[in-house]
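A short worksheet on the structure shown next.
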Amino acid sequence: MLQIAAIRNQKEAVIKALAKRNIDATEMVETALSLDEKRRATQTELDAIKAESNNLSKDIGALFQSKQPQKANVLKEKTTQLKEQSKNLEQVLNDTIEALNELLYKIPNVPNDLVPEGNSETDNEEVYLEGAIPDLGDNALPHWELAKKYDIIDFELGNKITGAGFPVYKGKGAKLQRALISYFLDKNTAAGYTEYQLPLLVNEASGFGTGQLPDKEGQMYHVTEDNLYLIPTAEVPATNIYRDSLLSEKDFPIKLTGYTPCFRREAGSYGAHVRGLNRLHQFDKVEILRIEHPDNSYNALNEMVEHVKGILQELQLPYRILRLCGGDLGFTSALTYDFEVYSTAQERWLEISSVSNFETFQANRLKLRFKNSSGKTELAHTLNGSSLALPRVLAGILENYQTDSGIKIPEVLIPYTGFSEIKM
RNA sequence: GGAGAAAUGGCAGAGUGGUCGAAUGCGGCAGUCUUGAAAACUGUUGAGGGUCACACCUCCGGGGGUUCGAAUCCCUCUUUCUCCGCCA
């Protein structure tokens, strides 16, 4: 969530930048500021009463000690009144804070200057394109057909065991999946990211810290019995490692990576575009995450983009990079680059990575701070990106590397798979 | 799952009703000494709100209560440890 102090200091700039998301934030901002005003006024009033009552208590203590209970009892009566007052004010204060926070949760992050105007994904700005789209001829099959033909992914079996969106990988399909995970993790650790294995279930506080709760509750599977949530992305447990922490400048940069399955309810998604591996309820993903000094976070974002580029170059897949427009930008992000691999048989682009700088938006909720060089406490910047999301990379490999006789394995993966082709 | 014990600042650890935001040690920072470093010595060192700056207010795992007054007493939740049971 945005910092109220930032809204106070740069009201117009905030409203103007939020307009890029096609929302008029004027009213929300004004309401927030007036609630903030009320909060501070109430707090001041309450503090004064508490100060008075603290002083009286000290006096009472002294009077009892000097054996003057009658005088003490007179003062006691006075404190009873003060108590009543402070109780009421406390109620007002808490209500005000709650109202303010509820409003702040609803205001999305302020887009960076680079974010282009636009309403939907069609307005995203293509900033990079690489890799030749192979000419597969008329026999090219979509990945779900290939998966069936070579018996490497069984979608029906997943339906039987769980339901739609839970595919079963088998044989060389399973091995290829594992190879990709290892390869991604190796690339990430070689680039200085520390590998983590994280919990797949998180508590409410964690879901709240990264912004899935309270609003996007429907996206996550909820284990009500224990009030835990299945993670929709490793971002949730990974970022929450640093919830409630106070770092020092020399701790930066913090770079970590982790492989996790991800679980998404994806309620209401049906039809052709969710076919095969395109959209699943359970999928694997390797994530990279950074916590940075605000001065360095955009530099870090570029590094992350370059890093993901490097991986796709090695895999030799046709891909492009989009800078998301205001209308398509995620709620918590200030600037996002999406990576899309070309699905040759489906003739469409598939999102395989999303690299974002959240600036202080998550850090504010997480209370993720650091001491700056002048000794002041400041919020850190958080960033994360997929490196990479498995199913669509797999789809891209299957489709782009298909031949009449089988599926070739990208060169860099052969040491991990132990085979160079998937055949009948 | 059952029985018992505990949760205090970056860490360790004292504090059982008022003078406690909290002793002491370690660590951190600054200085003295030194060619430099180490050691030693001296000083300093929690967070949040609030203020131009002070004042002031809040915080001793979370929430609630008793009391004029709570780190300290009571209730409750969470977590950790010990013992028992179960178990990959």
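Model, not experiment: these values are computed from the prediction.
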NZ/NE/NH1/NH2 to OD/OE distance under 4.0 Å, [X] and [Y]:
| X | Y | result |
| --- | --- | --- |
| E306(A) | K309(A) | yes |
| E235(A) | K285(A) | no |
| D36(A) | R39(A) | yes |
| E30(A) | K11(A) | yes |

*Mind checking the C1' distance from rC57(B) to rA6(B)? Whole angstroms is fine.*
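Each nucleotide's C1' atom is 31 Å from the other's.
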
*Expressed as a whole number of Å, how far does the C1' atom of rC33(B) sit from that of rU42(B)?*
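Rounded to whole Å, the distance is 11 Å.
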
*Give a yes or no answer on whether the side chain of R323(A) reaches the backbone of E125(A) with a donor-acceptor pair at less than 3.5 Å.*
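Pair absent, no side-chain N/O of R323(A) close to backbone of E125(A).
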
Describe the nucleic acid contact of [X] in one word from base, sugar-phosphate, nothing, applying a heavy-atom distance below 4.0 Å.
| X | value |
| --- | --- |
| N54(A) | sugar-phosphate |
| S57(A) | base |
| T377(A) | sugar-phosphate |
| I60(A) | base |

*asked:* Need two values: the first and the last nucleotide of RNA chain B, 5' to 3', having an atom under 4.0 Å from any heavy-atom of chain A.
replied: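 Range of nucleotides touched by chain A: rG18(B) to rG69(B).
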
*Pairing of RNA chain B as dot-bracket, 5' to 3': ( ) intra-strand, [ ] crossing, | other strand, . unpaired, with Watson-Crick or G-U pairs under 3.5 Å?*
((((((((.[[[..)..(.....]]]((((((.......))))))((((......)))).[[[[[..)....]]]]])))))))....

*Apply the side-chain contact (heavy atoms from CB on, under 4.5 Å) test between V341(A) and each candidate in L315(A), L350(A), V393(A); give the one that qualifies.*
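One option only clears the test, and that one is L350(A).
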
*asked:* Between Y193(A) and F184(A) (judged by ring centroids, cut-off 6.0 Å), do the two rings come close enough to count as a pair?
replied: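 No, the ring centres sit 6.0 Å or more apart.
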
